[in-house]
2 protein chains.
Amino acid sequence: MALATRERILEAAGGTLSRNPNASLDQIAVEARVGRATVFRHFESRAGLLKALAGRAIAETDRATRLAAADARTATDALRLITQAVVGAGESFRFLDSAAELYDEPEIVEAYQRQMSELADLVEATRREGFIRPDLPTAWVVASIDGLIWAACRAVGDGELGVVQAQDLVWETIADGLSTEGAREDRDAE
Amino acid sequence: MALATRERILEAAGGTLSRNPNASLDQIAVEARVGRATVFRHFESRAGLLKALAGRAIAETDRATRLAAADARTATDALRLITQAVVGAGESFRFLDSAAELYDEPEIVEAYQRQMSELADLVEATRREGFIRPDLPTAWVVASIDGLIWAACRAVGDGELGVVQAQDLVWETIADGLSTEGAREDRDAE
DNA sequence: CATCGACGAGACTTTAGCGTCTCATTCAGG
DNA sequence: CCTGAATGAGACGCTAAAGTCTCGTCGATG
């Protein structure tokens, strides 16, 4: 039971915080159908809960990265798998909008920077495969991917797109952009 | 003087809140080199300050939209001008990360939805000009543009890119995506 | 010089939310 | 049936921050 309760609290916290970034522990406890005291039995403090939640998101991303590295034959394919995995797990990340406090947690900040740096390395690798345009700064490529993933998660959360649809669209947009000016001319030979 | 003070408070609030989404009125007052009481002389409450700040951002966007409509010969060009104007004014928008409270302000929500709907209309217009790929849902196009603008503002704020550079990259990415797969073959005739 | 409005400083009250603690209840295992 | 661990309910104290109020100062204006 203990584990189930802890999990239920984390789940509720993720959901509630993604809807209302400043939700109180009261609201989270209610959402989790749990007494507020129980939240403190499982987590040291509000910061501890946030930290656990962030740790979960980081672990999930790491897992997706490992799977992608195992399955993909090219860096480009790995980038695609990771991107789509993160969009799929988007609900686990939306709470981060609110989590300015997490910038005070060295562990979390470090893990986040590590993942960003891994992403940058992966982007470099895809660049060597000829996937990424050589004239784009890596910082911008990483930022764009981040922004598009965020947009996709938002669109899914708002019910504007389905998860699978969003996963496909993110990758298409990364690869080809939004305009007809290039990609589609290749494909459709207009 | 009254106007200058009010403006200084708004400026400080935008800056402080973009760095720390949960900044107190104390911090904002200090940043504005103003007594905390003076903040209340100019704004009814914290919510009032936030609302004024949001109103400012909305007005700035409307202004950019009007200018773009006046200057641009095509919808595509208008979309470019608006996108780049918003990136240029990005500092006025970053505080919105923190402003979950604003969802309770009908005026602001309505104005935001109106702007999003105007953007959607503009996207439709560029689609008729053959700019946007016909197979992409408008909701996704709007969301992507939003995401890329957000990414650009973040990159500028973090010092990773210059403003002009970010403005160009956003538009390039919207138009051509990140990959070599289409656009660059057109341009460089590889 | 007198006046008046804007301001800074800071005391004060109130409220929301965090974190602690206690106690009764429930439920599973022996 | 007995025991102990996990929980729910809720009281309690504490702090940060919002919002109010007063008073003294400064500076522009007549």
Side-chain angles (χ1 to χ4, degrees), chain A residues 1-56 95-108, chain B residues 1-56 95-108:
Chain A
M1 265 302 162
L3 231 178
T5 300
R6 186 188 165 92
E7 205 54 32
R8 212 164 65 234
I9 294 171
L10 282 170
E11 209 62 48
T16 307
L17 289 174
S18 71
R19 279 187 295 279
N20 172 14
N22 292 325
S24 69
L25 292 185
D26 255 302
Q27 294 173 253
I28 293 172
V30 169
E31 182 85 6
R33 284 159 304 142
V34 142
R36 202 170 63 93
T38 299
V39 176
F40 287 96
R41 288 191 184 102
H42 287 276
F43 304 94
E44 188 187 1
S45 63
R46 182 186 225 281
L49 173 59
L50 270 279
K51 202 169 152 185
L53 213 50
R56 216 180 171 218
F95 85 95
L96 287 168
D97 280 358
S98 69
E101 309 106 273
L102 287 174
Y103 285 100
D104 298 332
E105 303 286 347
E107 287 180 53
I108 303 295
Chain B
M1 266 304 162
L3 231 176
T5 300
R6 184 187 167 94
E7 206 54 31
R8 212 163 65 233
I9 293 172
L10 282 169
E11 208 64 45
T16 306
L17 289 174
S18 70
R19 281 186 294 278
N20 172 13
N22 292 324
S24 68
L25 291 185
D26 254 304
Q27 293 172 255
I28 292 171
V30 169
E31 181 85 6
R33 284 159 304 142
V34 142
R36 201 171 63 93
T38 299
V39 175
F40 286 96
R41 286 190 185 103
H42 287 275
F43 303 94
E44 188 187 1
S45 64
R46 183 194 175 86
L49 173 59
L50 271 279
K51 203 169 151 186
L53 213 50
R56 216 177 168 222
F95 85 95
L96 287 169
D97 280 357
S98 69
E101 308 107 271
L102 287 174
Y103 286 99
D104 297 332
E105 303 286 349
E107 288 181 51
I108 303 296

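Proteins come first, then strands; the chains are lettered A, B, ... in the order of their sequence lines, and each starts at number 1.
Scanning both residues, B:Gly15 and B:Ser18, for their nearest heavy atoms gives O-OG, 2.8 Å. Pairing each heavy atom of B:Ile108 with each of B:Gly55, the nearest pair is CD1-N, 4.2 Å.
Atom CG in B:Leu49 sits roughly 16 Å away from atom P in D:dA17 (whole-Å rounding). Taking atom NE2 of A:His42 as the reference point, atom P of D:dA5 lies 15 Å away to the nearest angstrom. Atom CZ in B:Phe40 sits about 17 Å away from atom C1' in C:dA6, given to the nearest Å. Atom CZ of B:Arg8 and atom C1' of C:dG8 are 12 Å apart (whole Å). At whole-Å resolution of the value, CZ in B:Arg46 and C1' in D:dA17 are 9 Å apart.
Using a 4.5 Å cut-off on side-chain heavy atoms (C-beta onward), A:Phe95 and A:Leu102 make contact. A heavy-atom distance below 4.5 Å is found between the side chains of A:Leu10 and A:Phe43. The shortest side-chain heavy-atom distance between A:Arg19 and A:Gln27 does not fall under the 4.5 Å cut-off. A 4.5 Å side-chain heavy-atom check between B:Asn20 and A:Tyr103 finds every atom pair outside the cut-off.
The side chain of A:Ser45 places no N or O atom within less than 4.0 Å of a non-bridging phosphate oxygen (OP1 or OP2) of C:dC18.
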Contacts under 3.5 angstrom, residues 44-52 of chain A side chains, donor-acceptor by atom type, not counting sequence neighbours:
residue, atom, partner, partner atom, Å
A:Ser45, OG, A:Ala47, N, 3.3
A:Ser45, OG, A:Gly48, N, 3.2
A:Arg46, NH2, A:Ala23, O, 2.3
A:Lys51, NZ, A:Glu107, OE2, 3.2

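Using a 3.5 Å distance cut-off with no hydrogens or angles, the side chains of B:Arg41 and B:Thr38 do pair a donor with an acceptor.
The side chain to side chain donor-acceptor pair (under 3.5 Å) test applied to B:Thr16 returns no partner, not counting sequence neighbours. Taking A:Arg56 as the reference, A:Glu7, A:Glu11 meet the side chain to side chain donor-acceptor pair (under 3.5 Å) condition, with sequence neighbours excluded.
Judged purely by atom type and a 3.5 angstrom limit, A:Arg36 has no side-chain atom pairing as donor or acceptor with the backbone of A:Ala29.
Within a heavy-atom distance below 4.0 Å of DNA chain D, the residues of residues 32-39 of chain B found are B:Arg36, B:Ala37. Listed by residue number, B:Ser24, B:Leu25 are the residues of residues 16-29 of chain B with a heavy-atom contact under 4.0 Å to DNA chain D.
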Report, one pair per line, the protein and nucleotides 23-29 of chain D atoms (nitrogen or oxygen only) whose separation is under 3.5 Å.
none

